[in-house]
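Working notes, structure below.
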Amino acid sequence: MTCQMRILKTIPVTPEMLHDSSIAETDCPQWVEATEYGVGPTVRVIDEHVIYESVRDVNTGNKPKLSPTWWGVVGPTNRWAPFDNKASTKLELAAGSHWYEIKPGRVITDLAVIAASGVNSVRARMIGTTGTVFDSTLVMRSQPATPRSMWSFYFERRVRQNRGVISGLTPDRHGTLRIDIEAATIGARIGAIALARRHAFGVGVSTDAKLDLIDFSVLRENQLTGEVDLKPKPPVNRMTLTIVLRRSEFDSTWEFINSLVGTSCLFQASSEFKSMTIWGYIEAASQGPRYYNHPELNITVRSFV
(Lines give C-alpha, C1' and ligand atoms only; values in the text may rest on other atoms or scores of the structure.)
Protein backbone atom coordinates (compact mmCIF):
# COMPACT_ATOMS: atom_id res chain seq x y z
CA MET A 1 0.00 0.00 0.00
CA THR A 2 1.03 3.60 -0.62
CA CYS A 3 0.15 6.71 1.41
CA GLN A 4 -3.24 7.71 2.78
CA MET A 5 -5.90 8.87 0.35
CA ARG A 6 -6.17 12.65 0.29
CA ILE A 7 -9.16 14.51 -1.15
CA LEU A 8 -9.11 18.29 -1.41
CA LYS A 9 -12.72 19.43 -1.35
CA THR A 10 -13.06 22.81 -3.01
CA ILE A 11 -14.55 25.83 -1.27
CA PRO A 12 -16.45 28.18 -3.64
CA VAL A 13 -15.12 31.73 -3.83
CA THR A 14 -18.03 34.17 -3.52
CA PRO A 15 -18.11 37.92 -4.31
CA GLU A 16 -18.10 38.60 -0.57
CA MET A 17 -14.84 36.66 -0.22
CA LEU A 18 -12.93 38.31 -3.09
CA HIS A 19 -11.60 41.41 -1.37
CA ASP A 20 -9.51 42.91 -4.19
CA SER A 21 -7.46 42.08 -7.28
CA SER A 22 -5.04 43.69 -9.72
CA ILE A 23 -7.05 42.14 -12.57
CA ALA A 24 -9.64 44.64 -13.77
CA GLU A 25 -13.20 43.59 -14.57
CA THR A 26 -13.47 45.57 -17.79
CA ASP A 27 -14.21 42.84 -20.34
CA CYS A 28 -17.32 44.78 -21.42
CA PRO A 29 -19.69 47.37 -19.87
CA GLN A 30 -21.75 46.65 -16.78
CA TRP A 31 -25.45 46.07 -17.41
CA VAL A 32 -27.60 49.21 -16.94
CA GLU A 33 -31.30 48.74 -16.30
CA ALA A 34 -32.43 51.84 -18.23
CA THR A 35 -30.36 51.10 -21.35
CA GLU A 36 -32.03 49.59 -24.42
CA TYR A 37 -29.90 46.80 -25.89
CA GLY A 38 -30.02 45.38 -29.39
CA VAL A 39 -29.02 41.91 -30.46
CA GLY A 40 -25.72 40.48 -31.66
CA PRO A 41 -22.27 39.29 -30.54
CA THR A 42 -21.12 42.87 -29.92
CA VAL A 43 -23.94 43.53 -27.45
CA ARG A 44 -22.44 42.11 -24.28
CA VAL A 45 -22.67 43.22 -20.66
CA ILE A 46 -21.48 42.15 -17.21
CA ASP A 47 -23.99 41.21 -14.54
CA GLU A 48 -22.72 39.88 -11.21
CA HIS A 49 -19.29 38.93 -12.66
CA VAL A 50 -20.76 36.98 -15.60
CA ILE A 51 -20.73 38.11 -19.25
CA TYR A 52 -24.05 37.94 -21.09
CA GLU A 53 -24.98 38.52 -24.72
CA SER A 54 -28.33 39.98 -25.75
CA VAL A 55 -30.33 37.54 -27.87
CA ARG A 56 -33.40 39.73 -28.50
CA ASP A 57 -33.91 43.24 -29.77
CA VAL A 58 -35.45 46.10 -27.75
CA ASN A 59 -33.98 44.59 -24.60
CA THR A 60 -34.67 46.96 -21.70
CA GLY A 61 -34.98 46.36 -17.97
CA ASN A 62 -34.35 42.62 -18.15
CA LYS A 63 -31.71 41.68 -15.61
CA PRO A 64 -29.41 39.20 -17.41
CA LYS A 65 -29.06 36.79 -14.49
CA LEU A 66 -32.86 36.51 -14.18
CA SER A 67 -33.82 36.71 -17.88
CA PRO A 68 -32.54 33.67 -19.82
CA THR A 69 -34.93 34.35 -22.72
CA TRP A 70 -33.36 37.79 -23.23
CA TRP A 71 -29.72 37.07 -22.47
CA GLY A 72 -27.37 34.20 -23.24
CA VAL A 73 -24.50 33.29 -20.92
CA VAL A 74 -21.05 33.80 -22.45
CA GLY A 75 -19.03 32.93 -19.34
CA PRO A 76 -17.34 34.49 -16.32
CA THR A 77 -15.34 37.68 -16.56
CA ASN A 78 -11.58 37.27 -16.84
CA ARG A 79 -11.15 38.18 -13.16
CA TRP A 80 -13.57 35.44 -12.10
CA ALA A 81 -12.60 32.77 -14.66
CA PRO A 82 -10.35 30.77 -12.27
CA PHE A 83 -13.04 30.56 -9.59
CA ASP A 84 -15.90 28.91 -11.50
CA ASN A 85 -14.64 25.35 -10.88
CA LYS A 86 -14.14 24.85 -14.62
CA ALA A 87 -10.65 24.47 -16.02
CA SER A 88 -12.00 25.16 -19.52
CA THR A 89 -12.67 28.83 -18.74
CA LYS A 90 -9.22 30.32 -18.24
CA LEU A 91 -7.81 33.42 -16.61
CA GLU A 92 -5.72 35.20 -19.26
CA LEU A 93 -2.73 37.22 -18.07
CA ALA A 94 -0.23 39.64 -19.54
CA ALA A 95 3.43 39.09 -18.73
CA GLY A 96 4.33 40.35 -15.26
CA SER A 97 2.89 40.28 -11.74
CA HIS A 98 -0.78 39.87 -10.80
CA TRP A 99 -2.55 39.29 -7.50
CA TYR A 100 -5.76 38.41 -5.68
CA GLU A 101 -6.72 39.08 -2.05
CA ILE A 102 -9.37 36.73 -0.65
CA LYS A 103 -10.99 36.65 2.78
CA PRO A 104 -12.16 33.02 3.06
CA GLY A 105 -13.93 33.45 6.41
CA ARG A 106 -13.29 29.75 7.10
CA VAL A 107 -10.44 27.30 7.49
CA ILE A 108 -8.65 26.34 4.27
CA THR A 109 -5.66 24.01 4.17
CA ASP A 110 -4.63 23.98 0.51
CA LEU A 111 -4.48 26.12 -2.61
CA ALA A 112 -4.53 24.29 -5.95
CA VAL A 113 -3.51 25.73 -9.31
CA ILE A 114 -4.92 23.80 -12.28
CA ALA A 115 -4.32 23.87 -16.06
CA ALA A 116 -1.71 26.64 -16.02
CA SER A 117 0.45 27.67 -18.96
CA GLY A 118 3.09 30.37 -19.24
CA VAL A 119 3.20 30.85 -15.45
CA ASN A 120 6.52 31.03 -13.58
CA SER A 121 5.24 30.92 -10.01
CA VAL A 122 2.26 31.24 -7.67
CA ARG A 123 2.82 32.54 -4.15
CA ALA A 124 0.30 32.11 -1.31
CA ARG A 125 0.43 34.18 1.87
CA MET A 126 -1.99 34.09 4.77
CA ILE A 127 -2.02 37.50 6.42
CA GLY A 128 -3.54 37.63 9.90
CA THR A 129 -4.06 40.38 12.45
CA THR A 130 -0.45 39.98 13.63
CA GLY A 131 1.10 39.89 10.14
CA THR A 132 2.02 37.12 7.71
CA VAL A 133 1.49 33.69 9.29
CA PHE A 134 2.07 31.57 6.17
CA ASP A 135 4.18 32.11 3.06
CA SER A 136 4.90 29.53 0.36
CA THR A 137 5.67 29.66 -3.36
CA LEU A 138 4.81 27.10 -6.04
CA VAL A 139 7.50 27.20 -8.76
CA MET A 140 6.10 26.35 -12.20
CA ARG A 141 9.03 27.20 -14.50
CA SER A 142 10.02 24.72 -17.21
CA GLN A 143 12.27 21.86 -16.10
CA PRO A 144 13.76 18.78 -17.80
CA ALA A 145 11.21 16.00 -18.20
CA THR A 146 13.70 13.50 -16.69
CA PRO A 147 16.28 15.44 -14.63
CA ARG A 148 18.93 12.76 -14.25
CA SER A 149 22.11 14.44 -15.42
CA MET A 150 23.70 17.64 -16.67
CA TRP A 151 22.98 16.43 -20.22
CA SER A 152 19.25 16.15 -19.52
CA PHE A 153 19.27 19.56 -17.80
CA TYR A 154 20.69 21.32 -20.87
CA PHE A 155 19.57 19.26 -23.85
CA GLU A 156 16.52 17.10 -23.08
CA ARG A 157 12.92 18.16 -23.60
CA ARG A 158 11.75 20.64 -20.99
CA VAL A 159 8.22 20.82 -19.63
CA ARG A 160 6.50 23.54 -17.65
CA GLN A 161 4.51 22.42 -14.62
CA ASN A 162 0.83 22.93 -15.42
CA ARG A 163 -0.58 22.28 -11.97
CA GLY A 164 0.42 22.16 -8.34
CA VAL A 165 -0.74 22.39 -4.74
CA ILE A 166 0.39 24.62 -1.90
CA SER A 167 -0.37 22.72 1.31
CA GLY A 168 -0.31 23.43 5.01
CA LEU A 169 -1.91 26.89 5.00
CA THR A 170 -2.11 28.23 8.54
CA PRO A 171 -5.80 28.13 9.57
CA ASP A 172 -7.06 31.66 10.21
CA ARG A 173 -10.77 32.33 9.76
CA HIS A 174 -10.22 36.09 9.87
CA GLY A 175 -7.08 36.18 7.73
CA THR A 176 -6.58 37.41 4.16
CA LEU A 177 -5.19 35.04 1.55
CA ARG A 178 -2.89 36.90 -0.83
CA ILE A 179 -2.20 35.08 -4.12
CA ASP A 180 0.64 36.47 -6.27
CA ILE A 181 0.99 35.18 -9.83
CA GLU A 182 4.10 35.73 -11.93
CA ALA A 183 3.28 35.31 -15.64
CA ALA A 184 6.23 34.56 -17.90
CA THR A 185 4.72 35.46 -21.25
CA ILE A 186 1.85 37.32 -22.87
CA GLY A 187 -1.11 34.98 -23.02
CA ALA A 188 -0.28 33.08 -19.83
CA ARG A 189 -3.33 31.21 -18.55
CA ILE A 190 -4.72 29.49 -15.46
CA GLY A 191 -7.74 27.22 -15.70
CA ALA A 192 -8.64 27.10 -12.00
CA ILE A 193 -7.46 28.45 -8.66
CA ALA A 194 -9.12 26.32 -6.01
CA LEU A 195 -9.32 26.95 -2.27
CA ALA A 196 -9.73 23.63 -0.55
CA ARG A 197 -9.88 21.77 2.72
CA ARG A 198 -7.89 18.56 2.88
CA HIS A 199 -9.44 15.28 4.03
CA ALA A 200 -7.10 12.32 4.59
CA PHE A 201 -8.36 8.87 5.47
CA GLY A 202 -7.61 5.18 5.24
CA VAL A 203 -4.62 3.02 6.07
CA GLY A 204 -3.36 3.39 2.52
CA VAL A 205 -4.13 3.18 -1.20
CA SER A 206 -3.76 -0.34 -2.59
CA THR A 207 -0.96 -0.85 -5.12
CA ASP A 208 -3.46 -2.10 -7.72
CA ALA A 209 -4.44 1.53 -8.44
CA LYS A 210 -4.83 2.14 -12.17
CA LEU A 211 -4.74 5.11 -14.54
CA ASP A 212 -6.65 5.04 -17.84
CA LEU A 213 -6.45 7.53 -20.70
CA ILE A 214 -9.70 8.26 -22.55
CA ASP A 215 -9.00 9.72 -26.01
CA PHE A 216 -11.82 11.65 -27.66
CA SER A 217 -9.99 12.20 -30.94
CA VAL A 218 -12.15 11.59 -34.00
CA LEU A 219 -11.10 9.59 -37.07
CA ARG A 220 -12.66 10.97 -40.24
CA GLU A 221 -12.52 9.62 -43.78
CA ASN A 222 -12.65 11.91 -46.81
CA GLN A 223 -15.47 10.48 -48.93
CA LEU A 224 -13.90 11.83 -52.14
CA THR A 225 -10.28 10.78 -51.72
CA GLY A 226 -10.53 8.00 -49.13
CA GLU A 227 -7.87 9.68 -47.02
CA VAL A 228 -8.18 9.30 -43.28
CA ASP A 229 -7.69 12.30 -41.02
CA LEU A 230 -7.34 12.18 -37.23
CA LYS A 231 -8.78 15.23 -35.51
CA PRO A 232 -7.25 15.43 -32.02
CA LYS A 233 -9.36 16.39 -29.02
CA PRO A 234 -8.23 16.81 -25.40
CA PRO A 235 -8.25 13.50 -23.48
CA VAL A 236 -9.34 12.89 -19.91
CA ASN A 237 -7.89 10.56 -17.30
CA ARG A 238 -9.70 7.99 -15.22
CA MET A 239 -8.20 6.70 -11.97
CA THR A 240 -9.46 3.53 -10.26
CA LEU A 241 -8.50 3.10 -6.61
CA THR A 242 -9.00 0.74 -3.70
CA ILE A 243 -8.50 2.40 -0.31
CA VAL A 244 -8.09 0.22 2.76
CA LEU A 245 -9.95 1.79 5.68
CA ARG A 246 -9.88 1.44 9.41
CA ARG A 247 -12.99 -0.14 10.86
CA SER A 248 -13.79 3.07 12.74
CA GLU A 249 -13.80 5.02 9.43
CA PHE A 250 -16.40 2.91 7.65
CA ASP A 251 -19.50 5.06 8.26
CA SER A 252 -17.82 8.49 8.26
CA THR A 253 -15.96 7.80 5.00
CA TRP A 254 -19.08 6.69 3.16
CA GLU A 255 -20.93 9.76 4.43
CA PHE A 256 -18.08 11.96 3.19
CA ILE A 257 -18.01 10.31 -0.24
CA ASN A 258 -21.75 10.91 -0.56
CA SER A 259 -21.22 14.60 0.24
CA LEU A 260 -18.92 14.91 -2.80
CA VAL A 261 -21.61 14.13 -5.37
CA GLY A 262 -21.50 16.86 -8.03
CA THR A 263 -18.47 18.49 -6.36
CA SER A 264 -15.15 19.16 -8.04
CA CYS A 265 -12.18 17.98 -5.97
CA LEU A 266 -8.47 17.32 -6.22
CA PHE A 267 -7.73 13.65 -5.61
CA GLN A 268 -4.21 12.75 -4.41
CA ALA A 269 -3.57 9.00 -4.37
CA SER A 270 0.22 9.16 -4.18
CA SER A 271 2.86 11.57 -2.95
CA GLU A 272 5.42 9.98 -5.27
CA PHE A 273 3.66 10.05 -8.66
CA LYS A 274 2.32 13.44 -9.82
CA SER A 275 0.14 11.77 -12.46
CA MET A 276 -1.93 10.26 -9.65
CA THR A 277 -3.15 13.69 -8.61
CA ILE A 278 -6.35 14.38 -10.54
CA TRP A 279 -8.68 17.38 -10.68
CA GLY A 280 -12.13 15.97 -11.28
CA TYR A 281 -15.10 14.22 -9.73
CA ILE A 282 -16.15 10.80 -8.43
CA GLU A 283 -17.66 8.81 -11.28
CA ALA A 284 -18.51 5.74 -9.19
CA ALA A 285 -17.93 4.40 -5.69
CA SER A 286 -18.56 1.22 -3.70
CA GLN A 287 -17.66 0.17 -0.19
CA GLY A 288 -17.87 -3.01 1.82
CA PRO A 289 -16.46 -4.83 4.87
CA ARG A 290 -14.37 -7.29 2.88
CA TYR A 291 -12.18 -7.74 5.94
CA TYR A 292 -13.70 -7.15 9.37
CA ASN A 293 -11.08 -4.74 10.69
CA HIS A 294 -10.09 -3.24 7.31
CA PRO A 295 -13.04 -2.46 5.03
CA GLU A 296 -12.36 -1.35 1.46
CA LEU A 297 -13.54 1.69 -0.47
CA ASN A 298 -13.44 1.46 -4.26
CA ILE A 299 -13.72 4.71 -6.21
CA THR A 300 -13.38 5.74 -9.82
CA VAL A 301 -12.29 9.32 -10.42
CA ARG A 302 -12.63 11.09 -13.75
CA SER A 303 -10.63 14.19 -14.60
CA PHE A 304 -11.80 17.45 -16.14
CA VAL A 305 -8.46 18.02 -17.90
Side-chain angles (χ1 to χ4, degrees), residues 1-12 85 87 104 106-115 122 124 126 133-134 136-139 161-173 177 192-213 236-305:
M1 290 182 292
T2 59
C3 63
Q4 275 189 303
M5 183 66 194
R6 297 182 295 275
I7 298 180
L8 277 59
K9 185 178 181 180
T10 55
I11 297 170
N85 277 333
R106 65 189 74 182
V107 173
I108 60 172
T109 60
D110 295 77
L111 177 73
V113 180
I114 310 295
V122 176
M126 184 63 78
V133 295
F134 178 88
S136 182
T137 299
L138 177 66
V139 178
Q161 188 174 349
N162 64 1
R163 60 183 173 177
V165 180
I166 297 176
S167 300
L169 273 73
T170 302
D172 190 337
R173 293 179 182 272
L177 177 63
I193 299 174
L195 278 60
R197 186 160 183 173
R198 179 180 296 257
H199 299 266
F201 56 89
V203 177
V205 178
S206 175
T207 53
D208 63 356
K210 185 177 69 170
L211 282 170
D212 295 309
L213 178 81
V236 299
N237 292 310
R238 180 186 286 137
M239 183 166 62
T240 306
L241 305 169
T242 298
I243 300 104
V244 179
L245 305 174
R246 299 174 181 87
R247 183 185 173 195
S248 60
E249 295 177 308
F250 188 88
D251 293 326
S252 60
T253 299
W254 189 242
E255 183 179 336
F256 174 63
I257 293 298
N258 274 269
S259 74
L260 300 181
V261 172
T263 303
S264 57
C265 298
L266 198 70
F267 299 87
Q268 294 182 308
S270 173
S271 57
E272 183 177 356
F273 303 113
K274 291 182 180 179
S275 57
M276 294 189 72
T277 294
I278 286 184
W279 165 257
Y281 63 98
I282 294 178
E283 188 176 56
S286 64
Q287 182 173 300
R290 183 177 181 183
Y291 302 105
Y292 183 73
N293 287 321
H294 293 291
E296 289 183 348
L297 166 67
N298 300 286
I299 61 172
T300 301
V301 177
R302 184 162 174 159
S303 71
F304 295 128
V305 291

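We use all heavy atoms of the structure for the numbers below, so side chains are in, but hydrogens, waters and symmetry mates are not.
Side chain of R163 to backbone of T277: a donor-acceptor contact under 3.5 angstrom is found. T10 places a side-chain N or O within donor-acceptor distance of the main-chain N or O of S264, the cut-off being under 3.5 Å. Distance alone, capped at 3.5 Å, places no donor-acceptor pair between the T253 side chain and the F250 backbone. Of the possible donor and acceptor atoms, none in the side chain of E283 sits under 3.5 Å from a partner among the backbone N and O of V301. The closest donor-acceptor contact from the side chain of Q4 to the backbone of V203 lies at 3.5 Å or more, if one exists at all.
Note that OH of Y291 and CG of L245 are 13.5 Å apart. Values are rounded to the nearest 0.5 Å. Separating the CD1 atom in I166 from the CG atom in L138 is a distance of 5.0 Å, to the nearest 0.5 Å. In this structure, CG in L211 is found 10.0 Å from OG in S270, a value given to the nearest 0.5 Å. Here the straight-line distance linking atom CZ of R106 with atom CZ of R197 works out to 10.0 Å at 0.5 Å rounding. Rounded to the nearest 0.5 angstrom, I243 CD1 and E249 CD are separated by 10.5 Å. Rounded to the nearest 0.5 angstrom, F267 CZ and W279 CH2 are separated by 9.5 Å.
For R173, the CZ atom sits in a loose shell: 12 or fewer heavy atoms of surrounding residues, nucleotides or ligands are nearer than 6.0 Å.
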Step-by-step side chain to side chain contact (heavy atoms under 4.5 Å, CB included) determination, L241 to L297:
CA-CA 8 Å; L241 305 169; L297 166 67; over 6 Å; no
How far apart are the C-alpha atoms of N162 and I114, what are their side-chain angles, what is the distance that settles it, and do they pass the side chain to side chain contact (heavy atoms under 4.5 Å, CB included) test?
CA-CA 7 Å; N162 64 1; I114 310 295; over 6 Å; no
Quick one, L111 with L195, criterion side chain to side chain contact (heavy atoms under 4.5 Å, CB included). Give me CA distance, side-chain angles, the key distance, then yes/no.
CA-CA 5 Å; L111 177 73; L195 278 60; 3.8 Å; yes
As a quick check of understanding, evaluate side-chain hydrogen bond (donor to acceptor under 3.5 Å, both in side chains) for T300 and R238, giving each step before the final call.
CA-CA 7 Å; T300 301; R238 180 186 286 137; over 6 Å; no
Given N298 and Q287, is the side chain to side chain contact (heavy atoms under 4.5 Å, CB included) satisfied, shown in steps?
CA-CA 6 Å; N298 300 286; Q287 182 173 300; over 6 Å; no
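For the residue pair S252 and S248, the shortest heavy atom distance occurs at OG-O, 4.2 Å. Between A87 and A115, the shortest heavy-atom contact is CB-CB, 4.1 Å.
Note on ring orientation: taking the six-membered ring where Trp is involved, the planes of F256 and H199 are tilted (angle from 30° to 60°).
No side-chain donor-acceptor contact under 3.5 Å links T170 and D172.
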